[in-house]
2 protein chains.
Amino acid sequence: MFDLKSVTQRLAAGQFKVTRQRQAVLSAIAASHARLSAAEVYTRARRTCRDLGLATVYRTLDILIDIGAIRRVHLDDGCEGFAPASAEHGHHLICGHCHATVEFEECDLTAMLKRVERSTGFKVEQHWLELVGQCPACQEKA
Amino acid sequence: MFDLKSVTQRLAAGQFKVTRQRQAVLSAIAASHARLSAAEVYTRARRTCRDLGLATVYRTLDILIDIGAIRRVHLDDGCEGFAPASAEHGHHLICGHCHATVEFEECDLTAMLKRVERSTGFKVEQHWLELVGQCPACQEKA
DNA sequence: GTGACTGCAAATAATTTGCATTACA
DNA sequence: TGTAATGCAAATTATTTGCAGTCAC
């Protein structure tokens, strides 16, 4: 689970210090249930921590990815965004409208991967899967 | 199929002019069987067309995506790359070592998507899938 | 001929790095 | 207290845009 306490513990368990800035970044991501760009994380985290620098946000995001607390997602404009990662192996489903983000674990590509491996001779090592759609709330509004 | 002739025709069929520069970009991508970054396309296409500008490469790549001749892929460093797109609906399998790229069409996520839709309430509209592995040649070398 | 296309250089945007200072453990 | 972490500003990298000249049709 992505909850503040457990992530803070994981930070401390690593060789990482739990600073005011890191907590602010963490809370901003935890509070938002959408994928955020680095700039968005910066803006939100700054509400809690006035003197936060953008460089620190980038540095913190890297660490959070390292310890598996968040995951990179691909944005439509080519840049990268970040979303909380609860599951060990999960993927993200993102609302194309409001960017609400849900994580799902049911990802059984095994059969497909086998077939692709057989037909191409490649050995598949990792996969990158992201779904875009419309969340319940945005469906109602439409 | 991604073959020079058909893409050239598709260019002409649209309102696009078939210029020396566009042909160079096209040939560079066709010749390489790997995904390329914009800078790599530039370097390669320049061998054929000495006075090619990087801006033109970007402009051309956009057009090629529009007419469905190539597809964006996600690079490990966060930037974007480009790979030939033969099939209407295909995905890419990329060698993590030499970047050789193969397109595959066997992508039946239907069952999985149904399940995800049911459990999340989202309506899935598009999916982004990319596989990374090791190509036959690189497996032998290892 | 003429409007789309181009190169170049300058503008923007996204991210990273260097370094003197601060603050967690 | 010692060292990792920080803010800021400058550096780097990726991409886009403006514009005068050029070329495909």
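Residue numbers start from 1 in every chain, and the chains themselves are labelled A, B, ... in the order their sequence lines are given, proteins ahead of strands. Every value quoted in this text rests on a predicted model; they were computed, and no experiment measured them.
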Any ion pair linking A:Arg72 and A:Asp62 (charged N to carboxylate O, less than 4.0 Å)?
yes
Could you tell me the separation between the [atom1] atom of [X] and the [atom2] atom of [N], rounded to a whole number of Å?
| X | N | atom1 | atom2 | result |
| --- | --- | --- | --- | --- |
| B:Leu54 | D:dT17 | CG | P | 14 Å |
| B:Gln23 | C:dT6 | CD | P | 11 Å |
| B:Leu61 | C:dC5 | CG | C1' | 15 Å |
| B:Tyr42 | C:dC8 | OH | P | 7 Å |
| A:Glu80 | D:dT15 | CD | P | 12 Å |
| B:Ile63 | C:dT6 | CD1 | P | 7 Å |
| B:Arg22 | D:dC23 | CZ | C1' | 12 Å |
| B:Gln9 | D:dC25 | CD | P | 13 Å |

Looking only at atom types and distance, does a side-chain atom of A:Thr60 sit under 3.5 Å from a main-chain N or O of A:Thr56, one as donor and one as acceptor?
yes
Pairs satisfying side chain to side chain donor-acceptor pair (under 3.5 Å), at least one member in residues 130-142 of chain B, at least two apart:
none
Under 3.5 Å, which protein N or O atoms sit close to an N or O of nucleotides 22-24 of chain C? Give each pair with its distance.
from, atom 1, to, atom 2, distance (Å)
C:dC24, O2, A:Lys17, NZ, 3.0

Let me spell it out: for each of A:Ala12 and B:Leu52, pick the nucleotide of DNA chain C with the closest heavy atom. Which residue's pick is nearer the 5' end?
B:Leu52
Residue whose nearest DNA chain C nucleotide is more 5′ - B:Arg46 or B:Phe16:
B:Phe16
Is the distance from OP1 or OP2 of C:dT16 to the nearest side-chain N or O of A:Tyr58 less than 4.0 Å?
no
Is any side-chain heavy atom of [X] less than 4.5 Å from a side-chain heavy atom of [Y]?
| X | Y | value |
| --- | --- | --- |
| B:Leu109 | A:Leu109 | yes |
| B:Val116 | B:Phe122 | no |
| A:His33 | A:Thr101 | no |

Sugar-phosphate only, base, or nothing, as touched by A:Arg59 at under 4.0 Å among non-hydrogen atoms
base
Angle class for the B:Trp128/A:His74 ring planes (parallel below 30°, perpendicular above 60°, tilted otherwise)?
parallel
